[in-house]
Amino acid sequence: MWSVYLILQAGFVSFAVFALIGLLLRKRLKPRSKKDDSCPQQEHVSFPSASDDPEIIIVGAGVVGASLAAVLGQDGRRVLLVEKDLKEPDRILGELLQPGGYQALSQLHLADCLDGIESEAIQGYVVHDYASKSNVVLHYPKDSHGQITEGRAFHHGRFVSRLRQMASCHKSVTVIEGTVTKLLYDGNCIVGVEYTTSGVFCKKVVKAPLTIVADGCFSKLRKALVTEAVCVPSYFSGLLLEDCPQFQWNHAEIVLGDPSPILVYKISPKHTRVLVDTPGLLQKDIKGYMLEKILPQLPAHLRDSFRAALYSERVRSMPNSFLPASHAEKTGVILLGDALNMRHPLTGSGMSVALNDVLYWRNALRSLADLTDHAAVLAALRKFHIRRKNSHSFAVNVLAQALYALFAGDDEELMCLRKACFAYFKLGGICVSGPMGLLSVLSPRPITLICHFFAVAMYAVWCCLLSEPVWAVHRSLRKAYFTFKKACCVLFPLIWSELKPISFF
């Protein structure tokens with residue numbers, strides 16, 4: 001009898017426990033009602049008063065987003081800056097600012113951001129040709145005082161963090177850490193964004209007359225605005241060398257290696273960045289590839305530091321993307337930075353293009369008091385695309401892609417053009433000052449680029465004609481013809497990719 005009582009008592013207790021657990025689980029797993037206001041699925045972000053509502057939403061707080069927010073804050077514009085991760089960025093690209101970019105940074109009154117981050121002055125390049133075991137020194141153009149103009153190299157994350165600090169110090173700029181999930185539409189007009197914040201599953205909505213998308217090379221919002229596809233011809237694999245000597249003080253270095261170029265520049269008194277280009281798909285054993293293939297091609301002063309970094313550092317890689325600029329077919333939105341336009345980073349001119357774009361929009365937005373006037377904003381956008389192609393954008397984009405095509409060429413004609421380009425630099429004078437004016441983004445005139453490119457092509461034709469004896473003139477003529485044809489095949493598609501978007505307006 002006692003045993004029956006214990007069994008019944010145990011059964012009752014077990015039933016009570018399981019019933020309690022079931023009740024708790026049911027309550028926990030019960031779908032949240034739409035009327036439940038404790039955590040709404042979509043929350044509209046409210047500001048203290050209507051006068052505090054943002055005029056401009058900037059998506060992405062990289063170089064473009066942070067610098068634009070900072071200068072708009074200087075002008076008293078109400079800006080909401082949304083960035084998915086406000087920690088100091090850590091990346092291998094975006095560390096070289098050409099003199100033209102430094103000039104734009106100064107005009108934006110943001111040059112102080114380079115103070116205190118151990119930035120290094122860059123006055124030009126040393127180009128090493130592995131095949132001929134020779135080199136040539138290329139200086140940037142001189143200023144009005146006869147001094148060589150300077151660019152800057154630095155740790156990317158430190159620079160971006162300083163720009164964000166400059167932006168957040170303005171009362172009219174609000175900085176939020178959140179991930180923008182989508183753009184909000186009203187017909188064909190972008191009226192705001194939807195975003196989420198870390199640890200909160202509720203989606204928040206904020207609206208503004210103008211949204212600027214500057215969320216970088218991996219932009220997820222770009223696909224909703226433009227149809228142009230990103231092309232990835234190669235990858236850069238980066239190492240950070242410690243206490244590495246320089247071939248020439250304050251000069252970056254380019255090694256014309258096999259199969260493609262290697263870029264070297266000092267980013268702090270202790271650190272030197274090395275970027276190894278790998279065409280096509282990324283190497284699976286990248287360390288083994290760099291040790292066996294790349295190390296023997298490096299100049300002697302780099303080898304010891306490079307070998308030490310291979311054994312102690314992590315090799316990180318980034319895609320070298322190419323994306324011609326195109327305008328968004330919607331009102332209320334502007335694309336900027338790598339979300340708008342990318343070119344091969346061999347020339348290190350991406351930030352310089354971006355900061356010149358920021359300079360344009362800073363001046364343009366000063367004259368646009370009412371951002372709900374979409375006709376006026378669209379007119380400024382048309383002017384932006386046309387002006388940038390007549391100045392910094394066209395020359396820098398075409399130069400970067402054309403130089404990479406020559407320096408990474410794998411056929412006879414491209415190798416001939418590559419040798420001619422290196423020999424052209426050795427001529428000195430205008431053969432250096434012209435191309436370096438383009439590379440520095442100080443005088444990026446399209447006609448200058450086209451003239452020097454075809455000067456190199458004609459120099460290559462001349463070399464082809466001299467490469468064979470007189471009795472084999474037919475071979476030299478054939479070689480010269482196909483070399484010049486290859487030059488045209490490199491340049492003309494790039495020119496079209498730059499001019500094509502203008503014809504859409």
Side-chain angles (χ1 to χ4, degrees), residues 45 47 52 54-97 101-102 104-119 152-180 193 195-200 204 206 208 210-221 267-268 318 334-340 350-362 365:
V45 178
F47 291 81
D52 294 322
E55 299 173 273
I56 301 171
I57 300 170
I58 300 177
V59 181
V63 172
V64 174
S67 60
L68 185 58
V71 296
L72 293 178
Q74 294 171 8
D75 296 339
R77 288 283 194 180
R78 299 189 305 278
V79 178
L80 177 66
L81 180 61
V82 186
E83 166 59 37
K84 64 180 180 181
D85 188 356
L86 288 173
K87 296 194 296 291
E88 182 175 296
D90 182 18
R91 53 178 294 183
I92 63 172
L93 298 179
E95 299 172 319
L96 183 59
L97 185 64
Y102 181 66
L105 193 70
S106 299
Q107 292 175 355
L108 293 168
H109 305 291
L110 295 174
D112 291 346
C113 292
L114 293 174
D115 296 336
I117 63 171
E118 298 185 306
S119 64
R152 290 289 188 276
F154 40 76
H155 285 274
H156 174 84
R158 298 176 188 177
F159 179 56
V160 171
S161 294
R162 289 297 303 274
L163 288 174
R164 291 173 180 174
Q165 291 171 13
M166 292 289 283
S168 60
C169 73
H170 297 288
K171 293 182 178 179
S172 62
V173 177
T174 303
V175 182
I176 293 177
E177 187 173 60
T179 302
V180 174
V193 300
Y195 71 93
T196 59
T197 55
S198 178
V200 179
K204 299 185 179 182
V206 62
L210 182 63
T211 300
I212 297 175
V213 176
D215 54 345
C217 60
F218 301 112
S219 173
K220 294 182 178 179
L221 303 178
I267 61 174
S268 73
M318 283 282 290
I334 296 170
L335 277 167
L336 284 181
D338 284 349
L340 167 70
M351 277 194 297
S352 300
V353 171
L355 289 171
N356 275 282
D357 288 347
V358 170
L359 183 60
Y360 169 85
W361 279 111
R362 190 260 182 94
L365 290 172

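The basis for the numbers below is simple: all heavy atoms, side chains too, and nothing from hydrogens, waters or symmetry mates. Because the structure is a prediction, the values reported are computed rather than measured.
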Value rounded to 0.5 Å, distance of [atom1] in [X] from [atom2] in [Y]:
X: R78; Y: I56; atom1: CZ; atom2: CD1; answer: 9.5 Å
X: L114; Y: L163; atom1: CG; atom2: CG; answer: 8.0 Å
X: Q107; Y: L359; atom1: CD; atom2: CG; answer: 5.0 Å
X: E55; Y: L80; atom1: CD; atom2: CG; answer: 12.0 Å
X: I176; Y: T197; atom1: CD1; atom2: OG1; answer: 8.5 Å
X: I212; Y: L72; atom1: CD1; atom2: CG; answer: 6.5 Å

Checking the side chain of [X] only, and the main-chain atoms of [Y] only, is there a donor and an acceptor separated by less than 3.5 Å?
X: R77; Y: L365; answer: yes
X: H156; Y: G94; answer: yes
X: S168; Y: Q165; answer: yes

How about [X] and [Y]: do any of their side-chain heavy atoms sit closer than 4.5 Å?
X: H155; Y: S161; value: no
X: F154; Y: L97; value: yes
X: T196; Y: K204; value: no
X: F159; Y: M351; value: yes
X: R164; Y: V175; value: no

inquiry  = Just by distance, no angles: are the side chains of R362 and Q74 close enough, under 3.5 Å, to form a donor-acceptor pair?
reply    = yes

Identify the two heavy atoms, one from [X] and one from [Y], that lie closest to each other, and give their separation to 0.1 Å.
X: I57; Y: V206; result: CD1-O, 3.6 Å
X: R162; Y: I117; result: CG-CG2, 3.8 Å
X: E95; Y: I92; result: OE1-O, 3.2 Å
X: C217; Y: M318; result: SG-CE, 4.2 Å
X: K84; Y: E177; result: O-CG, 3.6 Å

Contacts of D357 meeting salt bridge (Lys or Arg N to Asp or Glu O under 4.0 Å) (sequence neighbours excluded), chain-then-number -> R388

For residues 63-71, tabulate all N or O donor-acceptor pairs below 3.5 Å that involve a side-chain atom, not counting sequence neighbours.
unit_1, atom_1, unit_2, atom_2, d
S67, OG, V63, O, 2.6
S67, OG, V64, O, 3.0

Only one of L340, L221, I58 passes side-chain contact (heavy atoms from CB on, under 4.5 Å) with V213, and that residue is L221

